[in-house]
Amino acid sequence: MKVLYNNQFKNRDEVVIDIEDRGYQFGDGIYEVMRVYNRNVFTLDEHLARFVRSAAELKIQLPYSVEDIKTMLLELVEKNHLEQGSIYVQITRGTSMRNHPFPAQSVSPVLIAYPLPKKNPSQEQQQGIKMKLVEDMRWLRCDIKSLNLLYNVMAKQEALDHQCYEALLHRNGTITEGSSTNFFAVKDGKLYTHPANNLILNGITRLEIRKLCEANDMTMIEKELTINEIESFDEAFITSTTLEIVPVTQIDDTVIGQGEPGEMTKRLQMLFQALI
């Protein structure tokens, strides 16, 4: 495996991270995961735009231009002969003596990127999945794709412990998103999802779903949904870069619709595959 370390390509066993890297000690950094199809990085520009935004929100000065990062990521794909899979990229504020405030003296941010071979979750995409309701107790800047994912990890594990594929997070009964996915529900032929504010991550696949709806005369409404409305959902699905579109057939003990992928979900899956 070739790893991008700052602006150099190294073998994985050659990469060393300092014990006082702020990403390691504070989660002081950001990341992106990008899908690769046939050696092409899907929605690369959109991912990098969000990467830049997240860095700005955390006041991390990117050490390279967006074009330079883009060039290096494309070279990473080629050096690893990555036909299908994902690219993980992160940047931390850098290394300094452990102290909560930003370093008094300038430090150099640390950029890391490497490939993640991955197969499509074909069975889940075709048959659907079950979700577990979990209280959303994350911080209030979920719009920043930061390295602070501990509660997401705990929520995902709680779902798995209950034989569910994913957690469905809610704040005082208002549905936000999954632990690593965006959530959509269909009611009366219209698609609903939580507004893109500070309580959710505005997923890149989520944005592509909006474009597909606009181009194909499908109504998508950004509106808060509550857990009390779950029984009224005709369909539901989750989206993410790695999962694409996965139908939801059950939430806790409530079966969604007919307990199988719905027509709008399947249509969006078909349109998304055509887009890819």
Side-chain angles (χ1 to χ4, degrees), residues 2-9 29-93 109-118 120 141-147 149 177 180-182 184 193-198 200-216 218 220 222 238-245 268-276:
K2 291 295 183 182
V3 174
L4 176 63
Y5 177 71
N6 289 325
N7 60 350
Q8 298 180 329
F9 293 95
I30 58 169
Y31 77 102
E32 286 287 333
V33 178
M34 311 170 189
R35 277 301 294 270
V36 177
Y37 300 102
N38 300 317
R39 291 205 182 187
N40 292 306
V41 184
F42 186 62
T43 57
L44 174 57
D45 291 336
E46 290 84 351
H47 279 284
L48 288 178
R50 188 171 64 181
F51 193 66
V52 170
R53 178 187 180 277
S54 293
E57 290 295 315
L58 294 187
K59 300 180 180 180
I60 294 176
Q61 186 74 36
L62 293 177
Y64 311 106
S65 70
V66 174
E67 283 303 312
D68 284 342
I69 296 174
K70 182 176 181 178
T71 298
M72 290 188 290
L73 292 178
L74 292 174
E75 188 173 350
L76 181 67
V77 171
E78 293 304 314
K79 285 184 177 295
N80 284 284
H81 309 290
L82 186 63
E83 295 288 342
Q84 312 289 336
S86 302
I87 289 291
Y88 176 86
V89 56
Q90 75 169 38
I91 193 161
T92 68
R93 197 176 303 278
V110 177
L111 177 70
I112 292 285
Y114 57 89
L116 295 170
K118 186 175 180 65
N120 271 355
R141 290 306 309 273
C142 300
D143 56 306
I144 301 172
K145 200 167 177 67
S146 79
L147 300 179
L149 295 173
E177 58 186 344
S180 61
T181 58
N182 288 125
F184 295 79
T193 192
H194 194 283
N197 55 21
N198 63 297
I200 73 163
L201 180 70
N202 193 7
I204 302 303
T205 305
R206 179 186 185 277
L207 293 172
E208 294 303 312
I209 294 296
R210 170 176 283 285
K211 293 177 187 176
L212 288 174
C213 287
E214 292 172 350
N216 292 275
M218 304 166 73
M220 175 176 149
E222 293 193 9
I238 56 173
T239 64
S240 75
T241 291
T242 53
L243 297 179
E244 299 170 353
I245 301 173
L268 284 168
Q269 285 179 320
M270 179 185 67
L271 291 169
F272 191 77
Q273 288 304 312
L275 180 65
I276 292 172

K.L.:
Any chance you could measure Met34, atom CE, to Leu76, atom CG, to the nearest 0.5 Å?
P.N.:
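Taking CE in Met34 and CG in Leu76, the distance rounds to 10.5 Å.
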K.L.:
Less than 4.0 angstrom from a charged side-chain N to a carboxylate O is my criterion; do Lys70 and Asp68 meet it?
P.N.:
no
K.L.:
Please check if the side chain of Glu177 supplies one atom and the backbone of Leu201 the other of a donor-acceptor pair under 3.5 Å.
P.N.:
yes
K.L.:
Do Glu78 and Arg39 have side chains that get closer than 4.5 Å, going by heavy atoms?
P.N.:
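In short, these two side chains touch, coming nearer than 4.5 Å.
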K.L.:
Look at Glu208 together with Lys211 and state whether they make a salt bridge at an N to O cut-off of under 4.0 Å.
P.N.:
yes
K.L.:
Decide yes or no for Thr241 and Phe42: does some side-chain heavy atom of the first lie under 4.5 Å from some side-chain heavy atom of the second?
P.N.:
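Contact flag for Thr241/Phe42 side chains = no.
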K.L.:
Taking the side chain from Tyr37 and the backbone from Ile276, do they hold a donor-acceptor pair closer than 3.5 Å?
P.N.:
no
K.L.:
Measuring only between side-chain heavy atoms, which start at C-beta, is Met220 closer than 4.5 Å to Ile209?
P.N.:
yes
K.L.:
Using side chain to side chain contact (heavy atoms under 4.5 Å, CB included), reason through Glu57 and Arg53 one step at a time and then give a plain yes or no.
P.N.:
CA-CA 6 Å; Glu57 290 295 315; Arg53 178 187 180 277; 4.2 Å; yes
K.L.:
Nearest 0.5 Å, what's the CD1-OG1 distance between Ile200 and Thr193?
P.N.:
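The distance works out to 5.5 Å.
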K.L.:
Treating Asn6 as the side-chain partner and Leu111 as the backbone partner, does any N or O pair qualify as donor plus acceptor under 3.5 Å?
P.N.:
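Answer holds: yes.
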K.L.:
More than 12 foreign heavy atoms under 6.0 Å from CD of Gln61: is that the case here?
P.N.:
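Not more than 12 within 6.0 Å, no.
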K.L.:
Would you please say whether a donor-acceptor pair under 3.5 Å links the side chains of Asn38 and Gln84?
P.N.:
yes
K.L.:
Between atom CG of Leu62 and atom CG of Leu48, what is the distance when rounded to the nearest 0.5 Å?
P.N.:
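The distance works out to 9.5 Å.
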K.L.:
Within the structure provided, determine whether Thr239 and Leu268 are in side-chain contact (heavy-atom separation under 4.5 Å).
P.N.:
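Sidechains of Leu268 and Thr239: no contact.
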K.L.:
Any side-chain heavy atom of Thr205 within less than 4.5 Å of one from Ser240?
P.N.:
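A side-chain contact is absent here, since even the closest heavy-atom pair is not under 4.5 Å.
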K.L.:
Do Asn182 side-chain atoms and Arg206 backbone N/O form a donor-acceptor pair below 3.5 Å?
P.N.:
no
K.L.:
For the atom pair OG1 (Thr71) and CG (Asn7), what is the distance rounded to the nearest 0.5 Å?
P.N.:
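It comes to 12.5 Å.
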K.L.:
Under the rule for ring-ring contact (aromatic ring centres under 6.0 Å, His included), what residues qualify as partners of Tyr88, not counting sequence neighbours?
P.N.:
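Here the qualifying residues are Tyr31, Tyr114.
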K.L.:
Please round to the nearest 0.5 Å and tell me the distance separating atom CD1 of Ile238 and atom OG of Ser180.
P.N.:
7.0 Å
K.L.:
State whether Lys145 and Glu32 are salt-bridged, where the test is any N-O pair (Lys NZ or Arg NE/NH1/NH2 against Asp/Glu carboxylate O) under 4.0 Å.
P.N.:
no
K.L.:
Search all heavy atoms of Ser86 against all heavy atoms of Val33 and return the closest pair with its distance.
P.N.:
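So the minimum-distance heavy-atom pair works out to CB-CG1, 3.9 Å.
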K.L.:
Does any donor atom in the side chain of Arg210 or Asn202 lie under 3.5 Å from an acceptor atom in the other side chain?
P.N.:
no
K.L.:
I need the Asn80 CG to Glu75 CD distance, nearest 0.5 Å.
P.N.:
10.5 Å
K.L.:
Test side chain to side chain contact (heavy atoms under 4.5 Å, CB included) on Leu44 and Leu74 and set out the steps.
P.N.:
CA-CA 9 Å; Leu44 174 57; Leu74 292 174; 3.9 Å; yes
K.L.:
Any non-hydrogen side-chain atom of Ile91 less than 4.5 Å from a side-chain atom of Ile30?
P.N.:
yes
K.L.:
Determine whether Leu73 and Val89 satisfy the following criterion, side chain to side chain contact (heavy atoms under 4.5 Å, CB included), listing intermediate values before the conclusion.
P.N.:
CA-CA 9 Å; Leu73 292 178; Val89 56; 4.3 Å; yes
K.L.:
Is it the case that the side chain of Arg35 and the backbone of Gly85 share a donor-acceptor pair, with hydrogens and angles ignored and the cut-off at 3.5 Å?
P.N.:
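Between the backbone of Gly85 and the side chain of Arg35 there is a qualifying donor-acceptor contact (under 3.5 Å).
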